[in-house]
Amino acid sequence: MKGLTTALIVASMAMTTIAQAQIYKWEDGYCRMQGDFDSKKYTAKQIENSHYVMNQLSTLNLEILSTPQSVTEMKQLSYGDVDALDKEYAQVKNDVEKLKVVPQAQTYKQDLLKSIEGEYTTNKLVLLAYVDPAEAIKKSPPICKTYIEPLLQSESAIQNRCVRPLKRTLRNKQRIMQMIQT
């Protein structure tokens with residue numbers, strides 16, 4: 001009787017374990033893979049969303065072309081392209097924010113959102129540089145302004161701006177050499 005009870009307990013534990021474990025399968029360009037997950041802790045959709053988040057961290061997420069590839073494309077750029085980028089960014093960001101992922105993937109989800117925001121900011125500045133350079137300068141980080149503003153002035157302003165850091169470096173090296181020699 002004791003042996004039968006033990007066998008039933010082991011069998012019920014095995015059935016519970018089998019019922020909890022599910023398999024998630026995925027492929028990349030070269031391999032087919034699979035892994036087990038506990039269906040009592042996570043849903044298949046959470047696993048799928050987590051996999052999606054991890055994959056998107058290594059790709060571009062916005063499809064709006066930010067840099068024209070020809071003079072013709074450059075002349076065709078308008079605020080409509082900036083508006084399309086704004087709409088695409090809002091949609092992609094919203095889609096990612098809605099994803100339910102496993103707890104271990106939450107930080108990756110936040111990293112993906114930051115990556116999408118950075119991609120959006122860069123693309124928007126590039127588009128604005130073609131459509132409205134003054135607006136692009138206003139929205140640029142300070143380091144960019146110091147180099148972009150001379151571009152809009154004159155050739156000598158560009159040369160002066162580029163030469164200034166070189167002169168500063170040379171003065172610092174001269175001071176160091178004087179200190180060494182004394």
Side-chain angles (χ1 to χ4, degrees), residues 1-74 76-131 135-136 139-144 147-148:
M1 186 68 169
K2 188 175 182 181
L4 181 61
T5 305
T6 304
L8 287 174
I9 291 173
V10 169
S12 69
M13 285 178 22
M15 293 301 276
T16 304
T17 303
I18 291 170
Q20 291 174 356
Q22 283 191 4
I23 296 174
Y24 178 69
K25 296 179 182 181
W26 69 99
E27 294 181 24
D28 66 9
Y30 305 103
C31 302
R32 290 184 184 156
M33 296 157 271
Q34 72 178 35
D36 298 330
F37 68 96
D38 186 344
S39 63
K40 285 192 173 189
K41 290 183 179 180
Y42 314 114
T43 65
K45 192 65 176 170
Q46 281 179 299
I47 302 294
E48 182 180 330
N49 291 344
S50 299
H51 183 239
Y52 172 80
V53 164
M54 301 292 273
N55 277 341
Q56 292 308 110
L57 279 169
S58 61
T59 64
L60 294 175
N61 293 284
L62 301 175
E63 294 181 14
I64 297 295
L65 178 67
S66 62
T67 306
Q69 302 299 309
S70 68
V71 174
T72 306
E73 286 180 12
M74 185 175 75
Q76 293 173 348
L77 288 176
S78 69
Y79 269 104
D81 296 297
V82 176
D83 293 340
L85 177 64
D86 291 342
K87 287 177 186 172
E88 182 186 9
Y89 167 68
Q91 182 64 51
V92 169
K93 180 182 175 193
N94 186 42
D95 290 348
V96 171
E97 286 173 337
K98 287 181 180 179
L99 291 175
K100 303 283 189 238
V101 298
V102 298
Q104 296 86 340
Q106 280 297 336
T107 55
Y108 296 111
K109 180 179 169 182
Q110 294 308 312
D111 290 345
L112 178 58
L113 287 167
K114 287 178 191 173
S115 174
I116 292 168
E117 183 178 349
E119 188 179 333
Y120 164 71
T121 302
T122 301
N123 288 352
K124 186 164 185 170
L125 284 174
V126 169
L127 283 173
L128 283 174
Y130 289 102
V131 176
E135 185 66 22
K139 293 186 176 190
S140 294
I143 189 70
C144 295
Y147 289 96
I148 294 174

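Using a distance-only test at 3.5 Å, with no hydrogens or angles considered, no donor-acceptor pair links the side chain of Asn49 to the main chain of Val101. Checked by atom type and distance alone, the side chain of Glu119 pairs as donor or acceptor with a backbone atom of Asn61 at under 3.5 Å. Ser115 places no side-chain N or O within 3.5 Å of a backbone atom of Asp111 that could act as its donor or acceptor partner. Between the side chain of Ser50 and the backbone N or O of Val102, at least one donor-acceptor pair lies under 3.5 Å.
For the atom pair Met33 CE and Glu27 CD, the distance stands at 8.0 Å (nearest 0.5 Å). Taken to the nearest 0.5 Å, the CG atom of Leu127 stands 10.5 Å off from the CG atom of Asp83. Note that the CG atom of Leu128 and the CD atom of Glu135 stand 6.0 Å from one another [nearest 0.5 Å]. Atoms CG and OG1, from Leu112 and Thr107 in turn, are 11.5 Å apart once rounded to the nearest 0.5 Å. Between the CD atom in Glu88 and the CD atom in Glu63 there is a gap of 5.5 Å [rounded to 0.5 Å].
Of all heavy-atom pairs spanning Leu125 and Ala136, the tightest one is CD2-O, 3.6 Å. Residue Phe37 comes nearest to Ala44 through the heavy atom pair CZ-CA, 3.8 Å, listed as atom of the first residue, atom of the second, then distance. Nearest heavy-atom pair, Lys109 versus Leu99, reported as atom, atom and distance to 0.1 Å: NZ-O, 2.6 Å. Taking every heavy atom of both residues into account, Lys41 and Gln46 meet most closely at O-OE1, 4.1 Å. The two atoms that bring Asp95 and Gln91 nearest to each other are OD1-NE2, 2.7 Å, heavy atoms only.
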For this session: Verify side chain to side chain contact (heavy atoms under 4.5 Å, CB included) between Glu117 and Tyr89, making sure each step is shown before the conclusion.
Result: CA-CA 8 Å; Glu117 183 178 349; Tyr89 167 68; 3.8 Å; yes

Exercise. Met54 and His51: side chain to side chain contact (heavy atoms under 4.5 Å, CB included), yes or no, with the steps?
Worked result: CA-CA 5 Å; Met54 301 292 273; His51 183 239; 5.6 Å; no

Problem set entry | Residue pair Asp81, Val131: steps toward the side chain to side chain contact (heavy atoms under 4.5 Å, CB included) verdict | CA-CA 9 Å; Asp81 296 297; Val131 176; 5.7 Å; no

For this session: Evaluate the side chain to side chain donor-acceptor pair (under 3.5 Å) criterion for residues Gln104 and Tyr42: first the C-alpha distance (whole Å), next the side-chain angles of each, then the deciding distance (0.1 Å), finally the verdict.
Result: CA-CA 11 Å; Gln104 296 86 340; Tyr42 314 114; 3.1 Å; yes

Problem set entry | Test side chain to side chain contact (heavy atoms under 4.5 Å, CB included) applied to Lys124 and Asp86, step by step | CA-CA 8 Å; Lys124 186 164 185 170; Asp86 291 342; 3.2 Å; yes

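Remark: Tyr52 OH is loosely packed, at most 12 non-hydrogen atoms of other residues, nucleotides or ligands lying under 6.0 Å away. For Tyr24, the OH atom sits in a packed shell: over 12 heavy atoms of surrounding residues, nucleotides or ligands are nearer than 6.0 Å.
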